[in-house]
Amino acid sequence: MTIDPSSIPNFGGQPQPQAAGPAGPVVPDQDLVKQLLDQMELKYVVDDEGDLAAPWEEFRTYFMFRGENEQQVFSVRTFYDRPHPVEKRAEILETIDDWNRRTLWPKVYTHQHEEEGAEPSLRLIGEAQMLIGTGVSLEHFVSSTVSWVRASIEFDKWLAERFGLATAEEKPADEA
């Protein structure tokens, strides 16, 4: 199964193409996601656990398949790298609760990150999932995945704006 380039929703200001693809349900796999990422012109790597990851300056987005048969789930999970002080947990939770109420995805939550020799910090994780074990339409899979990637990028911008943080585009060249 291949993705017709005209089926990819608008990503990066290109004209909105019409969807095309198999008429029946497909069970997406990692090769399909690689094709989609290639067509979106996004760089990716395969990590030690076999998951696809697309790296950005301030976060990494993983494309993971978990479960078997009818219970198989496709998950797009973004790990935001900016550390936040643990003592600001209440403010961070209030902020991400606002995001979670206003948007469909990614749903964002906190994770306490502890590195040896460093103070603990909070990191944020965004996630969207789709049950794919019984098959989904290719158009739905492609449009959802592209939307989830776009929303992950938008969350990073939104959070930086809310907290007055510099984004990768705004940092001076010697800091980036």
Side-chain angles (χ1 to χ4, degrees), residues 1-12 14 16-83 96-97 99-115 121-159 168:
M1 116 187 78
T2 60
I3 300 171
D4 177 348
S6 68
S7 70
I8 298 174
N10 187 1
F11 189 83
Q14 300 165 355
Q16 184 77 16
Q18 295 300 311
V26 297
V27 178
D29 59 14
Q30 193 175 74
D31 288 336
L32 184 63
V33 177
K34 286 179 181 178
Q35 285 181 43
L36 179 57
L37 296 176
D38 285 340
Q39 291 184 17
M40 291 168 59
E41 298 180 4
L42 294 177
K43 293 179 183 177
Y44 60 86
V45 297
V46 177
D47 71 6
D48 294 341
E49 295 176 15
D51 295 319
L52 287 176
W56 275 266
E57 284 291 322
E58 301 287 350
F59 56 92
R60 301 164 323 286
T61 299
Y62 286 83
F63 304 87
M64 303 176 294
F65 294 88
R66 298 292 188 262
E68 295 181 17
N69 303 323
E70 290 89 29
Q71 299 304 313
Q72 188 176 24
V73 172
F74 172 63
S75 177
V76 175
R77 190 175 292 170
T78 302
F79 294 84
Y80 296 94
D81 295 330
R82 275 190 201 97
I96 63 175
D97 280 353
W99 171 268
N100 288 334
R101 275 190 300 275
R102 294 171 185 248
T103 63
L104 294 175
W105 52 72
K107 293 306 177 195
V108 182
Y109 55 92
T110 62
H111 168 73
Q112 187 161 320
H113 184 76
E114 298 187 24
E115 214 171 289
S121 63
L122 293 178
R123 300 286 173 99
L124 301 178
I125 301 168
E127 186 169 8
Q129 297 182 359
M130 176 188 305
L131 188 61
I132 60 169
T134 58
V136 296
S137 82
L138 182 59
E139 181 181 299
H140 175 69
F141 179 78
V142 168
S143 65
S144 294
T145 302
V146 170
S147 293
W148 295 345
V149 169
R150 194 181 297 149
S152 295
I153 294 166
E154 287 304 311
F155 173 77
D156 185 63
K157 291 177 184 176
W158 179 84
L159 188 70

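Start at 1 with the first residue, then count along the sequence.
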For atom CD of Q112, decide whether the heavy atoms of other residues, nucleotides or ligands shown that lie under 6.0 angstrom number more than 12. yes
List for me each residue that meets salt bridge (Lys or Arg N to Asp or Glu O under 4.0 Å) alongside D47, sequence neighbours excluded, and say none if there are none. none
Residues W56, D156; criterion side chain to side chain contact (heavy atoms under 4.5 Å, CB included); working and verdict: CA-CA 10 Å; W56 275 266; D156 185 63; over 6 Å; no
Which value, rounded to the nearest 0.5 Å, describes the distance between I125 atom CD1 and K107 atom NZ? 16.0 Å
I want to check something: taking the side chain as every heavy atom from C-beta on, are N100 and Y109 in contact at a cut-off of under 4.5 Å? no
Nearest 0.5 angstrom please: D29 CG to K34 NZ, how far? 9.5 Å
Residues F65, Q30; criterion side chain to side chain contact (heavy atoms under 4.5 Å, CB included); working and verdict: CA-CA 8 Å; F65 294 88; Q30 193 175 74; 4.3 Å; yes
Check whether any side-chain N or O of K43 sits under 3.5 Å from a backbone N or O of P55 as a donor-acceptor pair, and report yes or no. no
Drop me the distance from T134's OG1 to Q71's CD, to the nearest 0.5 angstrom. 9.5 Å
Any chance the rings of F63 and Y44 have centres within less than 6.0 Å? no
For a 4.5 angstrom cut-off between non-hydrogen side-chain atoms, does W99 reach P106? yes
Taking atom OG of S75 and atom CE of M64, what is their separation to the nearest 0.5 Å? 4.0 Å
Looking at every non-hydrogen atom in both residues, tell me the closest pair between V26 and P28 and how far apart they are. O-CD, 3.3 Å
Interatomic distance, W158 atom CH2 to R102 atom CZ [nearest 0.5 angstrom]: 7.0 Å
Hey, mind stepping through S144 and M130 against side chain to side chain contact (heavy atoms under 4.5 Å, CB included) and telling me if it holds? CA-CA 9 Å; S144 294; M130 176 188 305; 3.4 Å; yes
Does the side chain of L36 reach to within under 4.5 Å of the side chain of L32, using non-hydrogen atoms? no
Indicate yes or no for a side-chain donor-acceptor contact from R123 to the backbone of D81 under 3.5 Å, with no hydrogens or angles considered. yes
Derivation of the side chain to side chain contact (heavy atoms under 4.5 Å, CB included) call for D51 and R66: CA-CA 10 Å; D51 295 319; R66 298 292 188 262; 3.0 Å; yes
Which word best sums up how the rings of W148 and W105 line up, parallel for under 30°, tilted for 30 to 60°, or perpendicular for over 60°? perpendicular
Shortest non-hydrogen separation from V108 to I96 and the atoms involved: O-CD1, 3.8 Å
Of the non-hydrogen atoms in V27 and G133, which two are nearest, and what is the gap between them? CG2-O, 4.0 Å
Close aromatic pair by centroid cut-off 6.0 Å: F155 and Y80: yes
Nearest heavy-atom neighbours spanning E70 and L131: O-CD1, 3.6 Å
Rounded to the nearest 0.5 Å, what separates atom CZ in R82 from atom OG in S121? 13.0 Å
Salt-bridge criterion met for R77 and E127 (N-O under 4.0 Å): yes
Just checking E114: does its CD atom have more than 12 heavy atoms from other residues, nucleotides or ligands closer to it than 6.0 angstrom? yes
